[in-house]
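Here's the structure we're looking at; comments come further down.
Letters go in sequence order (proteins before strands), and every chain restarts at 1.
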Protein chains: 2
Amino acid sequence: MRRNPERRRALIDGAIEVLAREGARGLTFRAVDKEAAVPPGTASNYFANRDDLFTQVGGRIYERLLPDEATMARSREGTQDQNRYAELMHELVDRVSAFNTGYLALLELRLEATRRPELRAVLTERIREDIDANIAHHAASGLPGDKTSVLLLYLALNWLIVERLTLPDIFTEQEIHDLVDEAVRRSLGA
Amino acid sequence: MRRNPERRRALIDGAIEVLAREGARGLTFRAVDKEAAVPPGTASNYFANRDDLFTQVGGRIYERLLPDEATMARSREGTQDQNRYAELMHELVDRVSAFNTGYLALLELRLEATRRPELRAVLTERIREDIDANIAHHAASGLPGDKTSVLLLYLALNWLIVERLTLPDIFTEQEIHDLVDEAVRRSLGA
DNA sequence: AACGTAGTACTACAGGCGGAGTGGTGTCAA
DNA sequence: TTGACACCACTCCGCCTGTAGTACTACGTT
């Protein structure tokens, strides 16, 4: 088992692209090798088996999907009212949509998780952390709404992104924009 | 190209199970043959190629996911208030979750649609119809809320089902129940 | 400065699996 | 008798895994 961390990261990033492009079943050692432009057989040396590969990708994908520190810092600026909230959610949707291969890869991983208990455990933990962090961040931010608002926004925006990435002709960009606004407004609740 | 419609339906239903279990890439003629318990080679005779198979499955899957007439009729009974709305949404979530292979297959198809234009066209049309039907049905029902409520519920409940089917430990059954209630309440808006 | 060692990159090969496509045969009914 | 379909068999092909073996490089030792 090789240990070069740069190479490992390159392989995992390659695996994300393969996942998005070829689907879970297309994620093979050879495909990862090609995508990462390393000699065939390399991935075999870095992952014990396909299960291991899936698990490691599941562990890393959130690092790439989450906002960086600068973005987080910026999110705390300005008056924290409903308009600001909507603005942040627009940024979120755009940021995630922009890294579309990452989001599609995560969907593939979710589906694969129905077949691989280890992967399911990793994803459950990561996503649980993410949700809890969102709730905590929201509570500390002074933005309007409660925990339920955060959860409802999480639900609605996730599917909105699915819709945009998988069947882009269902909603126009304008409709997506308006739905984000309305989702924020109504999820804040009475 | 064979034409026996019963056999074709059996093959497509088999394909749905294969999709859910093995993923899009696992959907092969041979796998469908096995699942439908017909001799190997049969699917080759019913679908011109894999693309055709995907497209036909995409056309049929909604027939099986949508409520039957009896359920639709029952949905129009009783006082059409917010509590009734929530009740209907609980039924919806449970009904779709119950046919989990169908829902998972649809997710696989969505992901595959990013690679197959024909499939994308079919799914876009079907889902567009479904959304429009939901809006029309809602408008005629006398239930509270507007078109936007319907769309926001569509978004939130879809992801809730994804969450339940792919990572069941993220939310408890109780949390799911409460989220449906809150989604109905808040999506109705001010 | 020469040498040895460890870790890694790269190459090559053997073996296997599963699928596509197709042609042929049997069967039944109009 | 003819046509449509079920069923069966066979060949060709592509891709993947696992692993053994070789080459290279860096680093520590003496």
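- Nucleic acid contact class of A:Ser44 (heavy atoms, under 4.0 Å, all strands): base.
- Listed candidates were D:dG18, C:dT11, D:dC7. Nearest to the side chain of A:Phe29 is D:dG18.
- The CG-P distance, from B:Leu11 to D:dC7, rounds to 11 Å in whole Å.
- Remark: B:Asn4 is in phosphate contact with D:dA6, judged by side-chain N or O atoms under 4.0 Å from OP1 or OP2.
- Look at CZ on B:Arg50: it is 10 Å from C1' on C:dG19, rounded to the nearest Å.
- Phosphate contact (OP1/OP2 of D:dC7, side-chain N/O of B:Arg7, threshold under 4.0 Å): present.
- In this structure, CZ of A:Arg8 is placed 13 Å from C1' of C:dT8, rounded to the nearest angstrom.
- Using a 30° and 60° split on the angle between ring planes, A:Tyr154 and B:Trp159 fall in the perpendicular class, above 60°.
- Here the side chains of A:Arg186 and B:Thr148 are in contact, with some heavy-atom distance below 4.5 Å.
- Residues B:Ser97 and B:Asp94 bring no donor and acceptor atom of their side chains to less than 3.5 Å of each other.
- B:Tyr46 comes within 4.0 angstrom of sugar-phosphate atoms only, judged by non-hydrogen atoms across all strands, and of no base.
- One can place CD of B:Glu22 at 9 Å from P of C:dG19, the figure rounded to the nearest angstrom.
- For B:Phe47 and C:dG19, the CZ to P distance is 16 Å, given to the nearest whole Å.
- Counting atom types as modelled, B:Arg2 pairs a side-chain N or O with a base atom of D:dA6 as donor and acceptor under 3.5 Å.
- On a pure distance criterion of 3.5 Å, a polar donor-acceptor pair joins the side chain of B:Arg30 and the base of C:dA20.
- In this structure, the CG atom of B:Asp33 is 11 Å from the P atom of D:dC7, given to the nearest Å.
- B:Thr166 places none of its side-chain heavy atoms less than 4.5 Å from the side chain of B:Tyr103.
- Remark on DNA chain D: of its neighbouring residues A:Ala31 and A:Asn45, the 5'-side contact belongs to A:Ala31, judged by nearest-heavy-atom nucleotide.
- Atom-to-atom distance recorded for A:Ile61:CD1 and A:Arg126:CZ is 11.5 Å, nearest 0.5 angstrom.
- Using a 4.0 Å heavy-atom distance criterion, A:Asn49 is classed as making no nucleic acid contact.
- The interatomic distance linking B:Leu27 (CG) with C:dG18 (C1') rounds to 15 Å, in whole Å.
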